[in-house]
**Student:** 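Below you will find the structure I want to go over with you.
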2 protein chains.
Amino acid sequence: MSNMGYPGHMELHEPELRDVPVTTVLAALADDVRLQIVRALAEGGEYACGTFEFGVSKATRSHHLKVLREAGLTRTRVAGTSRYVRLRRDELDRLYPGLLDAVLTAPAGA
Amino acid sequence: MSNMGYPGHMELHEPELRDVPVTTVLAALADDVRLQIVRALAEGGEYACGTFEFGVSKATRSHHLKVLREAGLTRTRVAGTSRYVRLRRDELDRLYPGLLDAVLTAPAGA
DNA sequence: ACCCATGTTCGACATCCGTCGAACAACCTC
DNA sequence: GAGGTTGTTCGACGGATGTCGAACATGGGT
């Protein structure tokens, strides 16, 4: 790519949900840590990345948030040194009606 | 368990859906081959294992069917040397309403 | 300017997962 | 019972994935 020299913020890679394979969406949700993040995000509103302390290092947390973002599940707003994440619930519910609710209302335990 | 010496057919391991972690169910669906199988099964009725010719060896097919069965998604009836598989749609729709429909009606392409 | 706080990226590592061929098991038919 | 059909199990192998610490990048505060 040729747009390397841009000094300021580079845009985050947030694909159109319809361009993401279903298997990618499902795989993104098929992880305990990421599911905890999604559950927290489902409360609504924005959360700074640092909000999610689920017993993993910040490197791992960053990795999981990247997976969610690139699966089209979250949107990220950059503000200073922080990043605020929110669920793309509307688009999700439109393209996969029932999916998110089914996952969220699921029995959390084994 | 003590029912080991039974000579004939041994029962297949088919867990209660509520005992299966959501992540296991989602992971089972997050694979192209298995999704094709589920789509075929969603037509209704029973299908012999050999029905599913999706460009993988029979060892691989057997593996995928095992994953689906142990995730609580399918039920298997043994008849002679064949095994007939069907979707546990009712239970699935009851425990995860909307999940299956969302996945099935999803755009198949990338 | 310096330091600190917030996140990302980079190896590295271990584990899991999909895939296959080959061997095995069960059953049916002739 | 010999052979064929159907399906499972057993290594083995390669690629993907979750995890971490350390280094890096960026922006805010004093």
Side-chain angles (χ1 to χ4, degrees), chain A residues 1 4-14 20-21 23-38 41 46-71 73-86, chain B residues 4-14 21 23-38 41 46-71 73-86:
Chain A
M1 298 67 174
M4 303 293 292
Y6 223 104
H9 59 79
M10 96 212 100
E11 291 305 325
L12 272 60
H13 180 216
E14 290 179 348
V20 180
T23 49
T24 300
V25 175
L26 293 171
L29 293 170
D31 178 277
D32 277 311
V33 176
R34 288 195 293 268
L35 209 42
Q36 288 186 67
I37 296 178
V38 170
L41 287 174
E46 289 182 325
Y47 292 81
C49 296
T51 306
F52 313 107
E53 293 288 351
F54 295 128
V56 294
S57 71
K58 58 178 183 171
T60 302
R61 164 174 36 106
S62 192
H63 162 69
H64 285 308
L65 288 170
K66 184 178 185 179
V67 171
L68 289 173
R69 185 179 62 239
E70 294 185 339
L73 296 179
T74 61
R75 213 169 273 285
T76 303
R77 184 175 61 92
V78 181
T81 144
S82 294
R83 280 145 185 250
Y84 292 91
V85 185
R86 65 181 188 279
Chain B
M4 302 293 293
Y6 222 103
H9 59 79
M10 94 209 103
E11 291 306 324
L12 273 60
H13 179 216
E14 290 178 349
T23 50
T24 301
V25 175
L26 292 171
L29 293 170
D31 178 276
D32 277 311
V33 177
R34 288 195 292 267
L35 210 42
Q36 288 185 68
I37 296 177
V38 170
L41 288 175
E46 289 182 325
Y47 292 82
C49 296
T51 306
F52 313 108
E53 292 289 349
F54 294 128
V56 293
S57 71
K58 59 178 183 171
T60 302
R61 163 173 38 103
S62 191
H63 162 70
H64 285 308
L65 288 171
K66 183 178 184 179
V67 171
L68 289 174
R69 176 173 18 104
E70 294 185 338
L73 295 178
T74 61
R75 214 169 274 285
T76 302
R77 183 176 62 92
V78 181
T81 144
S82 294
R83 280 145 186 250
Y84 293 90
V85 185
R86 67 181 188 279

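Residue numbering restarts at 1 for every chain, and letters A, B, ... go by the order of the sequence lines.
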**Student:** So how far is it from A:Thr51 OG1 to A:Glu46 CD, rounded to the nearest 0.5 Å?
**Tutor:**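 So the OG1 of A:Thr51 and the CD of A:Glu46 are separated by 10.5 Å.
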**Student:** Using whole Å, what does the distance between atom P of nucleotide D:dT8 and atom OH of B:Tyr84 come to?
**Tutor:** 13 Å
**Student:** Quick check for you: among C:dG7, C:dT19, D:dT8, whose closest atom lies nearest to any side-chain atom of A:Arg61?
**Tutor:**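 Nearest to the side-chain atoms of A:Arg61, counting from C-beta on, is C:dG7.
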**Student:** Looking only at the side chain of B:Cys49 (C-beta and beyond, no hydrogens), which of the listed nucleotides D:dG7, D:dT19, D:dT6 gets closest?
**Tutor:** D:dG7
**Student:** Contact class for B:Val67 vs. all strands (heavy atom < 4.0 Å): base, sugar-phosphate, or nothing?
**Tutor:** nothing
**Student:** Can you identify which nucleotide, out of D:dT9, D:dT19, C:dT8, has its nearest atom closest to the A:Arg69 side chain?
**Tutor:** C:dT8
**Student:** Over all strands shown, is A:His63 touching base, sugar-phosphate only, or nothing at heavy-atom distances under 4.0 angstrom?
**Tutor:** base
**Student:** So how far is it from A:Leu65 CG to A:Thr76 OG1, rounded to the nearest 0.5 Å?
**Tutor:**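 So the CG of A:Leu65 and the OG1 of A:Thr76 are separated by 7.0 Å.
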**Student:** Atom CG of B:Leu29 and atom C1' of C:dG18: how far apart are they, to the nearest Å?
**Tutor:**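 The answer, rounded to whole Å, is 16 Å.
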**Student:** Would you mind telling me which of C:dG18, D:dG18, C:dC20 lies closest to the side-chain atoms of B:Arg34?
**Tutor:** C:dG18
**Student:** For DNA chain D, whose closest nucleotide is more 5', that of A:Lys58 or that of A:Ala30?
**Tutor:** A:Ala30
**Student:** Does a nitrogen or oxygen in the side chain of B:Ser82 sit under 4.0 Å from OP1 or OP2 of D:dT6?
**Tutor:**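 Looking at the OP1 and OP2 atoms of D:dT6, neither is under 4.0 Å from any side-chain N or O of B:Ser82.
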**Student:** Can you tell me how far the CG atom of B:Leu73 sits from the CD atom of B:Glu14, to the nearest 0.5 Å?
**Tutor:** 11.0 Å
**Student:** Between D:dG18, D:dC20, D:dG7, which nucleotide gets closest to the side-chain atoms of A:His64?
**Tutor:** D:dG18
**Student:** Would you mind reading off the distance between A:Glu70 atom CD and D:dA16 atom P, rounded to a whole angstrom?
**Tutor:** 15 Å
**Student:** Can you tell me how far C1' of C:dT19 sits from CD of B:Gln36, to the nearest Å?
**Tutor:** 15 Å
**Student:** Are any non-hydrogen side-chain atoms of A:Val33 and A:Thr60 less than 4.5 angstrom apart?
**Tutor:** no
**Student:** Whole angstrom is fine here: how far is it from CZ in B:Phe54 over to P in C:dG18?
**Tutor:**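 Rounding to the nearest Å, CZ of B:Phe54 and P of C:dG18 are 16 Å apart.
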**Student:** Could you check how far CG of B:Asp32 sits from C1' of D:dA16, rounded to whole Å?
**Tutor:**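 B:Asp32 atom CG is separated from D:dA16 atom C1' by 14 Å.
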**Student:** Hey, which sits more toward the 5' end of DNA chain C by its nearest nucleotide, A:Thr81 or A:Ala59?
**Tutor:**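 The residue mapped nearer the 5' terminus is A:Thr81.
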**Student:** Give the rounded distance in Å between these two atoms: CZ of A:Arg83 and P of C:dT9.
**Tutor:** 7 Å
**Student:** Is any side-chain heavy atom of B:Phe52 less than 4.5 Å from a side-chain heavy atom of B:Leu41?
**Tutor:**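 Heavy-atom side-chain distance check passes, below 4.5 Å.
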**Student:** Output yes when at least one side-chain N/O atom of A:Ser62 is less than 4.0 Å from OP1 or OP2 of C:dT8, else no.
**Tutor:**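 It does, given that an N or O in the side chain of A:Ser62 lies less than 4.0 Å from OP1 or OP2 of C:dT8.
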**Student:** Could you check how far CZ of A:Phe52 sits from P of C:dT6, rounded to whole Å?
**Tutor:**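 In whole Å, C:dT6 P lies 14 Å from A:Phe52 CZ.
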